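Here is the structure we will look at.
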Amino acid sequence: WSFLAAAIYTVACIPLPARAQIVDQSEAGFYKGKTFTVLVGIEQGTGYDLYGRTLARFIGKYIPGNPTVVVNNMPGASGLVAFNWLANIAPKNGTIIATGSFSVPFEPVFGNKRARFDATKLGWVGNMDSSVSVCAVRTDSGINSFDDMLTKTVMIGGTGKAGPISQSPMALKNLLGAKINLIEGYKGTASVKLAIERKEVQGICGVSFSTVRTQYKSLLQENKIRIVLQLGTRPKMHPLLRKVPHVYAYARDEAMKQQFDLIFGVQSLGRSFATTPGVPPRRLRALREAFFAAINDKGLRAEARKIDLDINPQWGEDVQSFVAKAYKTPPETVAKAASALGR
């Protein structure tokens, strides 16, 4: 897992080699006149929603036949509802791609019976951002660093067991002894932001750094929140994170690092999109090529810079491989990580 996480991180941090910006047009007859749906399994106004809508504005011109592209939100359990629908109900013809919290595809690994899908059988189209997540707290919370969270109780907002903003604080509590009082039931990061502003909770853990830079931008600019910890496979070198410690610095032994790999390593798949099982290989390849072309579109890149969206993409084939290897994690490692998540 350490090797896998390092490999994914390395791939994500290197500019993608040039590929011909030519999409196989053999599926144009199928897509022409159809509606193509980008399904977002998180509430509107969140980072996932921003990425989904940004992609939707550009991918249509690269999909063969240029279908009409629409965005639908299907919030619920951090994307679990959307992935269940994608795997079991959605038309299996390549007219839908979906995104949700990066932790959700791995819920079956942890034995979550509500996750009625096998993520290895989904068709992974690509990843817009191999992200790093963070913990952020109110500046008036009395928490000035992550070390303070080891001695002072802090109220953290979360969604539910399938969501990273619940899983991350739970792991920090059970593995490192952080004195976190997790308040669950929020719909997503947008709802937690409102709760932070209303002082219902004092912070959030497991939120993507790109979401903090966009959705939480006003709180940063007004010095109402501070980032106290980085989560992921490797620290991100960004001015806002230069002095922020990384979670691996707190690992006490190799066994704990292996659990970190499974719990935090999946954050590499920050903004991934998948289509249904059973899509014909040629059509899946066309979707992957269209996704890649859209990500490299100058207009998309300019729009992303304007709204501070990080774009660190991965090819669909790499995401597919990552998911497949994660599903082969040894049961004993899964059991220890599941215990850390309070399963």
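Since we're looking at a predicted model, the values are computed, not measured.
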Verify whether one side chain among S103 and S101 offers a donor that lies under 3.5 Å from an acceptor in the other. no
Any donor-acceptor pair under 3.5 Å linking the side chain of D148 with the backbone of N144? yes
Side chain of S141, backbone of I143: donor and acceptor closer than 3.5 Å? yes
G52 to V71 - nearest heavy-atom pair and separation: O-CG2, 4.3 Å
Any side-chain donor-acceptor pair under 3.5 Å between E43 and S191? yes
In terms of ring plane angle, is the pair Y248 and F260 parallel, tilted or perpendicular, where the classes change at 30° and 60°? perpendicular
For the pair L287 and W124, evaluate side-chain contact (heavy atoms from CB on, under 4.5 Å) and give the outcome as yes or no after the intermediate values. CA-CA 10 Å; L287 287 179; W124 290 94; over 6 Å; no
Where the side chain of Y327 meets the backbone of F106, is there a donor-acceptor pair that is under 3.5 Å apart? no
Step through the shown structure and confirm whether more than 12 heavy atoms of other residues, nucleotides or ligands are within 6.0 Å of NZ on K224. no
Is K306 salt-bridged to E303, going by a charged N under 4.0 Å from an acidic O? no
Heavy-atom side-chain proximity of Y186 to V201 below 4.5 angstrom: yes
Ring-face cation contact, F58 with K61, 6.0 Å cut, 45° max: no
Tell me whether the centres of the aromatic rings in F146 and Y250 are closer together than 6.0 Å. yes
Less than 4.5 Å apart, side chain to side chain, heavy atoms only: is that true for R198 and L194? yes
Salt bridge or not between R114 and E107? Use side-chain N to carboxylate O under 4.0 Å. no
Judged by atom type as modelled, is there a donor-acceptor pair below 3.5 Å linking the side chain of Y216 to the main-chain atoms of K193? yes
Please examine the side chains of N72 and V38, heavy atoms only from C-beta on, and report whether any two atoms are closer than 4.5 Å. no
Once you measure the plane-to-plane angle for F273 and F291, does it fall in the parallel (<30°), tilted (30-60°) or perpendicular (>60°) bin? tilted
Under a 3.5 Å distance rule, please check whether S133 uses its side chain to pair with a backbone N or O of L231 as donor and acceptor. no
Are there over 12 heavy-atom neighbours, none belonging to K92, within less than 6.0 Å of that residue's NZ? yes
Are a donor atom and an acceptor atom from the side chains of T159 and S78 found within less than 3.5 Å of each other? yes
Indicate whether any N or O donor in one side chain lies under 3.5 Å from an N or O acceptor in the other, for T189 and Q215. yes
Less than 4.5 Å apart, side chain to side chain, heavy atoms only: is that true for V212 and V134? yes
Decide whether D118 and T120 meet the rule of one side-chain donor and one side-chain acceptor closer than 3.5 Å. yes
Report yes if the side chains of I295 and L55 come closer than 4.5 Å at any heavy-atom pair, otherwise no. yes
Looking only at heavy atoms, the pair that brings P277 and L122 closest together is CD-CD2, 3.8 Å
Flag side-chain contact, heavy atom, 4.5 Å: R283 against P280: yes
Ignoring hydrogens and angles, tell me if any N or O in the side chain of N127 forms a donor-acceptor pair with the backbone of D129 under 3.5 Å. yes
Please check if the side chain of K152 supplies one atom and the backbone of G142 the other of a donor-acceptor pair under 3.5 Å. yes
Would you say that M128 contacts I311 through its side chain, given a criterion of any heavy-atom pair below 4.5 Å between the two side chains? yes
May I ask you to say whether R53 pairs ionically with D49, meaning some side-chain N is under 4.0 Å from a carboxylate O? yes
Look only at the side chain of Q202 and the backbone of M155, and say whether a donor-acceptor pair between them is shorter than 3.5 Å. yes
Test item: N73 side-chain N/O and G41 main-chain N/O as donor-acceptor pair under 3.5 Å: no
Taking D318 for the side chain and Q314 for the main chain, is one N or O donor matched with an acceptor at less than 3.5 Å? no
Below 4.0 angstrom, N of the basic side chain to O of the carboxylate: do D310 and R271 qualify? no
Is there side-chain contact between I42 and Y51, with heavy atoms separated by less than 4.5 Å? no
